[in-house]
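First the proteins, then the strands, lettered A, B, ... as listed; each starts at 1.
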Amino acid sequence: MAATHHNIELTHRGRVLALLAGLAAAAAWLGDDANARIAAALLAAPLLVDFVKKQRHLHHTEIGVGKRFTAVGAAFTERLELTHRSPRPARECLLFEPRTMRVEPPILLPALQPHQPLRASMRQRSLVRSHVLERVFVLTSTWPLGLFRSRAVVVVPTELITLPAAVPLRAELKNAIAEREAAHLVRTNVRGAEFHSLREHQPDEDARGVHALRSATAGTLVRRVLRGSLPRIAGVVLDLRRPPGRRLDQGIRRFEWSLGICVSLITHLREHGIDLQVLVLDSEPTRLMVRSPRDQNDFFTLLAEASPAPHRAVPEEIFDELQRLEHCFWIPAGSFLAAPEFAAMPGTVTLVGEDSE
Amino acid sequence: MKALTSSTERVAAWSLLGCATFALVSLPGKDLPWPWLLAFTLPAAVLGRLPELARWPIRRALLGMVLQAAACLAALHDAGTLSRPAALACTILPPLAYVAIRRRDADAALGLFLSFCVLLVGTILGGFDPLVIGGYGLCACAVLRSESLLTALRHARHRTPGGQAPRSGALLGSAVSVTLVCLLCAIAIERTIRLLPSPSRADSSPNFADASQKNNNRSVGLDDSFILDGSGGVLSDLHGEQLVRVRAELGETVPSDLYLRSGFFAQPDLDRWLIGPLGLAQTNSVKAHQLHRPLPNAKEHWLEIERFAGASKFVLTPPGTFEVRDLAQLLVDPDREFLRQGPNAPPDTYLTGYQDLPLPPLDLPVDPRGEALGLTSLPADFDAAPFTTLLARWRVRGTPLQIAERIAQGLARHCRYDRIDPVGPYAHAIENFLFADGDRHGYCMHFASAAALMLRMNGVPCRIGVGLYGGVQDPSDSDARLYGSQHAHAWVEIPFVGRGYVVFDPTPSEQRGQGAPTPTDPGDAGLDADGGGGNFLGTLRKLGAFLSQPWLLLGVLVVVLATTLRPRHRSERTESGMPAQLRTPRRLLGRILRELARAGHVRQRRQTLEMFGRELASHDRLLPELQAAFAAYQEVRFGGRDFDPPRQVVLARALDAAAALVPLESAQDARRVSRTS
């Protein structure tokens, strides 16, 4: 874990000047020459002044930034709020985040006044699928004379989740999903349960279902009856295991591609109102339900952290629930195409990315 | 030249041009007349203004050569030839002009470096000019400031929040402030380097050893070098302290123009004079030693000389001294009127009797023994021709005294007194002092050395006397004068028949006794040669002298660096981050807590006011006023309430109550007593 800190280093210009000043001072000392003394003094004075005036409180800058989801390589604009907690203003600071600004230029903050929040936006781009729990920003300044560089590393405890880059779904896969999509029982734009009728409230029922307005009008307790479409559930198996005897550091491109297609598939299915039962075959199998945007984010976070896993046999009973589902998608991210568990699945399983690479 | 798209770029460009201009101005006009300056700068500047030529480097080179050759021919025609040092300096000028005008990415750094080189050459050739150095420093700081900002802007591709960019006025303002600090800092560093014991300055030790071997009669510890580059002289090792206190006997006062000789130098050289052979003999009498009989028609004066630590090994005597009393282990060379104590002699106060004699008559002959004493010899590699030219120009002839007067007048016209080493193209300081073009300057050592050489060239025996001159009146005793190392002085002494060594001082009278710029600045002790400086200017001079003390500046440097490097804790942040409306209640609460601490209840770190209140209550010491004050403070601190007059009253009452609280132990004793009763 990184820690907020700062350091001061000589710039190239400062190094040359320090070298010249040192040579002149040595000459002045050895030769006791007045001109050499003047030269040494004139060369050393700006170095000394720059060092003394250097901003040593850059790391007292607080940076406010929220949690962010992004995709690999996608540009985004991050909005920051900076507050400099120091008695003196920070001047001419360059702010950048090394992780997300490898190709983007830093921004220049002409002045950060003490205790006055400053809003700034930065164009960033995360190039690596990852889930970081703290973001590291770097503030540098060469103010006033550019002979020393003051550098502060500011660590902000916030999450940056970089998802795999989305891969377009093939038309066959989209058609397969569409063919299996049944018509809605209730022609309504509202998803889930909606009002159907009223009936008498029974004493052992949950009082939260009582219709307050109608009960007051009728003089007795009346409760609502709701009816709606039950959500469809599809299964997704994300197999991160490498085939037996294969190294973990191989097949990375296919792995990343598979994760990307997993993101696209999940997004597509969720857009069609399908709930998902996901089984991730990692070192330890993980099961989770994706029913809401929050679940979806949790799953995406898991994708951001995923890595190939060594081959390991999975108990068969773990697939029981999936086998009962209407349809299931199997994504062999670890390139384990001949998984016996997949062969044992019923015919309603679609292998995603079979002929991708 | 690149288009200047922003005010920062304009500042950077003009500042670099300013640097180049100041560097050119620093070059001495006599050595480098303006046609030559133009010849070496204009062609390169023209090339710098034609960036499109960069595509055809051969054409550019050819054009440059043609332009340069034409310009040099024109300058040669107008201003004649150049001296060798000036020609050498000129080689830097074309690249400086080129980069100053072109201004590409790295040109600013290169331009600064080249202009600094030119400035140094100018300082070496033409002397130190504070105005030029200051102007150059200002421009250089502006270049560094603007280049630092420009680099940041380039890195950020000119992206700033809200598109704000620093204005040129603010940029220049900060450059000026940085320049002032830089110049002060440069002075401090220069003086600090002076304090370092340089190996070159310590050269006198081996020479001394050699001289000792040649002259067995000399006592150990005697300084024997008179070095003409500002680091020599008998009193050169002294560090600005008080040296002697001279009190006149018999109700007289010490004259302000009194010379006190501590030594002399008779063996000449162009760079350093040596003492030469001595014939020291130890005296047996401690009570009194007579050097010669006093002249019958002259009044005798007696001085009591008290030596302080820095002068404990010197025996200072005025010219015309005939007797010295109360000195143990006295070594005397009567022919040379030289006195010194043995190495282990106590630093006693002693009495010296002297006669203040008028100048001898013009026709009084010099002492013929001078030649035997080596007072007419000249340096071995002495080139007399330029000296002869000067003497001829000054029409130096006549009796020895007339010769001396002519030489003094000639030196006063020809050279200027300044406490800076002479600069110039010659190898020896004395030649630079006398023959350099332009500003010829030097101090008493150079005046005395030049006069002594010229006197000897005219057959007048002489030597250089060194010691103290002037002094200041002792504030505690109006009959006494104090002398410090800032009153160190050098003069010439000519032996006359029947009169001994007569002082002839070629240094301009108003500058006598200001010493040489040794590592210890003569002005350090804060004493003034003109009698104490009772007026405002004198006070200012004293203050300036005090502020320019090397140790003080070194101390300030060390303190500034220590303050800079002192680690700062995060606790400062919370204090500085406290809103303004909280400061008054916080101050009042602090006073209440101090009163409570005095009463024996110290609030621990990280203990909240509620916890502290509970602790007070457990001792049955939580007064209602205190409880109300804590509540009021917490309302203001955390509740967002104003610190209104009622709350102020509550805190003020609590302060009174806390002040009236008896100490904890006394209260417990009283309670115990009441329970017992």
Side-chain angles (χ1 to χ4, degrees), chain A residues 11-13 16 20-21 24-25 28-46 48-54 56-57 60 82 85-87 91-96 105-111 114-115 118-123 140-147, chain B residues 109 113 116 119-120 123-124 128 133 136-137 140-141 144-145 147-149 151-153 155-161 164-166 174-175 178 181-191 193-194 196 198-201 229-231 420-421 423 517 557 560-561 563-564 568 570 572-573 576-577:
Chain A
T11 59
H12 291 304
R13 190 175 295 166
V16 172
L20 291 175
W29 174 65
L30 287 172
D32 197 27
D33 181 65
N35 293 316
R37 275 201 301 270
I38 291 172
L42 289 177
L43 288 168
L48 192 66
V49 170
D50 198 35
F51 180 70
V52 169
K53 287 184 78 100
K54 194 50 70 186
R56 289 176 171 74
H57 301 281
H60 289 178
L82 298 105
R85 303 282 183 201
S86 168
R91 297 190 180 92
E92 293 171 21
C93 299
L94 286 172
L95 173 68
F96 65 101
I107 60 164
L108 174 66
L109 308 169
H115 309 294
L118 174 76
R119 288 196 171 80
S121 57
M122 300 202 300
R123 271 191 61 189
T140 63
S141 174
T142 55
W143 185 89
L145 295 179
L147 305 176
Chain B
F113 174 71
F116 185 75
L119 182 83
L120 266 190
T123 305
I124 291 169
F128 179 83
I133 297 277
Y136 176 83
C141 283
L144 287 174
R145 268 296 289 121
E147 283 298 325
S148 165
L149 179 57
T151 309
L153 280 167
H155 278 191
R157 295 185 205 161
H158 298 266
R159 288 176 58 209
T160 57
Q164 319 158 13
S174 64
V178 168
V181 181
C182 273
L183 290 177
L184 286 176
C185 201
I187 294 169
I189 292 171
E190 199 267 346
R191 300 195 64 113
I193 297 174
R194 273 190 186 191
L196 297 177
S198 166
S200 301
R201 214 177 298 152
D229 61 357
S231 57
I420 304 171
D421 291 333
V423 290
L557 268 182
V560 168
L561 277 177
T563 313
T564 305
R568 290 179 172 82
R570 298 277 288 187
E572 288 177 10
R573 277 178 47 192
S576 60

- [ ] Heavy-atom distances under 4.5 Å only: say whether Leu48(A) touches chain B with side chain, backbone, both or neither.
- [x] side chain
TODO: Nearest 0.5 Å please: distance from the CG atom of Leu108(A) over to the OG1 atom of Thr151(B).
DONE: 11.0 Å
- [ ] Measure Arg119(A) against the heavy atoms of chain B and call it side chain, backbone, both or neither at under 4.5 Å.
- [x] backbone
Open item on the list: Quick check on Thr123(B) against chain A: is it the side chain, the backbone, both or neither that has a heavy atom closer than 4.5 Å?
Closed with: both
- [ ] With a 4.5 Å cut-off on heavy-atom pairs, point out which of Ala40(A), Gly146(A), Ala45(A), Ser121(A) contacts chain B the most.
- [x] Ala45(A)
- [ ] Against chain B, work out which of Ala120(A), Pro46(A), Ala39(A) has the most heavy-atom pairs shorter than 4.5 Å and name it.
- [x] Ala39(A)
- [ ] Over all heavy atoms of both residues, which pair between Arg13(A) and Leu144(B) is shortest? Give the atoms and the distance, please.
- [x] CD-CD2, 3.9 Å
Task: Least distance between heavy atoms, Ser148(B) atom then Trp143(A) atom - done: OG-N, 4.1 Å
Task: Segment of Leu145(A) engaging chain B (4.5 angstrom heavy-atom cut-off) - done: both
Task: Pairs of heavy atoms under 4.5 Å with chain B: top-ranked of Leu109(A), Asn35(A), Leu147(A) - done: Asn35(A)
Task: Proximal component of Ile124(B), with respect to chain A [non-hydrogen, under 4.5 Å] - done: both
Task: Minimal non-hydrogen separation, Ala41(A) against Ile189(B), with atom names - done: CA-CG2, 3.9 Å
TODO: Specify the closest pair of heavy atoms between Leu149(B) and Glu92(A), including all atoms of both residues, with the distance to one decimal.
DONE: CD1-CD, 3.5 Å
TODO: Would you indicate whether the side-chain heavy atoms of Leu42(A) and Leu119(B) approach each other to under 4.5 Å?
DONE: yes
Open item on the list: For Phe113(B), is the CZ atom crowded, meaning more than 12 foreign heavy atoms sit under 6.0 Å from it?
Closed with: no
- [ ] Please state whether the side chain, the backbone, both or neither of Ser141(A) comes within less than 4.5 Å of a heavy atom of chain B.
- [x] neither
Task: Contact check, side chains of His155(B) and Thr140(A), non-hydrogen atoms, under 4.5 Å - done: no
Task: Closest approach of Pro144(A) to Val178(B) (non-hydrogen atoms, all atoms of both residues) - done: CB-CG2, 4.3 Å
Task: Tyr136(B) versus chain A, the contacting section by heavy-atom distance below 4.5 Å - done: neither
Task: Per-residue contact mode, Leu95(A) against chain B (heavy atom under 4.5 angstrom) - done: neither
